Amino acid sequence: MALTAVKGFNDILSDESLRWQHIEQTARRVFELNGFGEIRVPVMEKTELFCRSIGDATDIVEKEMYTFTDKGGNSVTLRPEGTAGVMRALIEHKLYAQDPVAKLYYMGPMFRYERPQKGRYRQFHQIGAEITGVNDPLADAQVLNMLTSFFREIGLSEPTLQINSLGCPECRPAYRTALRSCLEERIGGLCEDCKRRFATNPLRILDCKVPGCIEKSAGAPSVLEHLCSSCNDHFSSVKRYLDLSATPYSINSRMVRGLDYYTRTTFEMVTGLLGSQSAVAAGGRYDGLISQLGGPSIPGIGFAIGVERIALLLGNQQFTSSPDLFIATMGAGERDIAFSLMDGLLKSGLRVEMDYEGKSLKSQMRRADKLKARYSVVIGENEVATGSATFKRMADGLQSDAALTVAGIHSLIMKLEQ
RNA sequence: GUGGCUGUGGUGAAGCGGUUAACACGUGCGACUGUGACUCGCAUAUUCGAGGGUUCGAUACCCUCCAGCCACCCCA
């Protein structure tokens, strides 16, 4: 193999591309129904943006970013996630000044330098949505309902919604302390990773898959019991709204997120069908992020969907795209007529294919079959002379005549369709 | 960054020291001189991820490298 794509960067070939289009179109439809508008932001930002938003000490910033110095000597980074860039744009264009509430969605590639595996790539794609400017738990519930609708519309019932609350800067430090002191006495029984986590991020111990650690952390205090009264009220309201709209969910007080900016409500859509990658969509509230980036103090909440992971779940479903008519020609003389007929039909909105290279009739018919054309027609000297031809419905071989004009063909198809 | 597994055509693969490198699918052409699907025929890897070594001989054994996959870490 002479030249290959960069490790972890994939080509999306035509069959899979149809699946992606289905995912993207469904997202657009559902999001726009909910009043969200698309925002397109660059795939590259100043490195500082991600350090300040995602958090300097997170794995993403510490070891997974595609960061380099451009020719002007500036440190730039290929976006590892979408929210930071959208918030930067919101602040830069003062979108909150025209309308205190912004409802935005985006889709596109993200980049993280990780070892690729099933459902995880160095260039991967996310579809995300954000609401800024609303403190009320109603916004949390709408975002969760919209995410749930997306999965319903896409035809996936398997992933389930898990929610949690991480508290706010008021109550989280106290919880961290309580968790640390509880785990301190049992640290000896934990796995090596968890011993490290104890120092770096004790919340992660709750998420460990090692049986011994699960056992040791079983009685650890729950975040939900340490929420301050306003965070507790907020979480209760979110649950109440979800109940009100009959949105199914479960509470997972051990759920941890990888980005520092999350506050209060966090959530994941999880599945057991993707090996070790269980999250197919995730998000949460980020009330401190915008001010942290130098904007006004306005709250936000949003999520991101992993497109590759959804495509994997959709893997067995077929999406097809086939022509309405295939025009076969007998000789070079008929190809001019076939070509202008095809051109007219295409302009009228019918999907038409014809032979490009003067192949044998047999080859042309095989191709019509292979493309799954609904109808075929053969144009030879007789057809040119009479101005009409016999059309064949490929599914059952039914033949009928029609004039070789755009109007004639349309009315034939119309007639045969009913 | 760490570990495990695997690299034979467009694809799925058999072969595991000497073969015309099996078989199947796909693709192309033809049987049918104006009609696809089913059937049949023919064609389709001078070569087995790359480089080196062992050997009279290596796709096969050994080493190195590269790539892919899966898992850990972490995450969508």
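What you see is a predicted model, and the numbers here were worked out from it, not measured in a lab.
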**OP:** Using the closest heavy atom to pick a nucleotide of RNA chain B for each, name whichever of A:G283 or A:K118 lands nearer the 5' end.
**Re:** A:K118
Subject >> Contact nearer the 5' end of RNA chain B, comparing A:I60 with A:V6 >> reply: A:V6
Taking the [atom1] atom of each, how far is [N] from [M], in whole Å?
N: B:U27; M: B:U11; atom1: P; answer: 14 Å
N: B:G30; M: B:G36; atom1: C1'; answer: 15 Å
N: B:G7; M: B:C62; atom1: P; answer: 13 Å
N: B:U59; M: B:U20; atom1: C1'; answer: 16 Å
N: B:A14; M: B:A45; atom1: C1'; answer: 14 Å
N: B:U39; M: B:C56; atom1: C1'; answer: 49 Å
N: B:U33; M: B:A37; atom1: C1'; answer: 22 Å
N: B:G15; M: B:A24; atom1: C1'; answer: 16 Å

At under 4.0 Å, does any side-chain N or O of [X] touch on OP1 or OP2 of [N]?
X: A:K359; N: B:C29; value: yes
X: A:R197; N: B:C73; value: yes
X: A:K7; N: B:G68; value: yes
X: A:S363; N: B:G28; value: no
X: A:Q126; N: B:A76; value: no
X: A:S360; N: B:G30; value: yes

Original post:
Centroid-to-centroid, A:Y66 to A:Y113, below 6.0 Å?
Top reply: yes
Mark yes or no for whether [X], through its side chain, and [Y], through its backbone, hold a donor-acceptor pair below 3.5 Å.
X: A:Y175; Y: A:P221; value: yes
X: A:Q364; Y: A:T329; value: yes
X: A:D136; Y: A:L138; value: yes

Subject >> Near-strand residues of residues 109-116 of chain A, defined as heavy-atom separation under 4.0 angstrom from RNA chain B >> reply: A:R112, A:E114, A:R115
If we call it a pair only when both distances are under 3.5 Å in a Watson-Crick or G-U wobble match, what pairs with [N]?
N: B:C56; result: B:G18
N: B:U39; result: B:A31
N: B:A50; result: B:U64
N: B:C74; result: none
N: B:A45; result: none
N: B:G10; result: B:C25
N: B:G4; result: B:C69

Roughly, in whole Å, what's the span from [atom1] in [X] to [atom2] in [N]?
X: A:E308; N: B:A76; atom1: CD; atom2: C1'; value: 8 Å
X: A:D260; N: B:C75; atom1: CG; atom2: P; value: 10 Å
X: A:F124; N: B:C74; atom1: CZ; atom2: C1'; value: 12 Å
X: A:R120; N: B:C73; atom1: CZ; atom2: C1'; value: 8 Å
X: A:I205; N: B:C73; atom1: CD1; atom2: P; value: 13 Å
X: A:D15; N: B:U11; atom1: CG; atom2: C1'; value: 13 Å
X: A:W20; N: B:A76; atom1: CH2; atom2: P; value: 16 Å
X: A:Q117; N: B:G4; atom1: CD; atom2: P; value: 16 Å

Original post:
Should the pair A:F267 and A:F303 be assigned to parallel (<30°), tilted (30 to 60°) or perpendicular (>60°) ring geometry?
Top reply: perpendicular
Subject >> Cation-pi, A:F124 ring and A:R112 (6.0 angstrom, 45 degrees) >> reply: no
Examine the side chains of [X] and [Y] and answer whether a donor and an acceptor come within less than 3.5 Å of each other.
X: A:S53; Y: A:Q292; value: no
X: A:N145; Y: A:S245; value: yes
X: A:S376; Y: A:R393; value: no
X: A:D260; Y: A:Y286; value: no

Salt bridge [X]-[Y], side-chain N to carboxylate O under 4.0 Å:
X: A:R186; Y: A:E184; answer: no
X: A:E417; Y: A:R374; answer: yes
X: A:E114; Y: A:R120; answer: yes

Need one value for [X]: base, sugar-phosphate or nothing, where a base atom within 4.0 Å counts as base even if backbone is also close, heavy atoms only.
X: A:G119; result: base
X: A:E268; result: nothing
X: A:L371; result: nothing
X: A:A368; result: nothing

Subject >> nucleotides 31-42 of chain B: protein proximity per nucleotide (B base, S sugar-phosphate only, - neither; heavy atom, under 4.0 Å) >> reply: B--BBBB-----
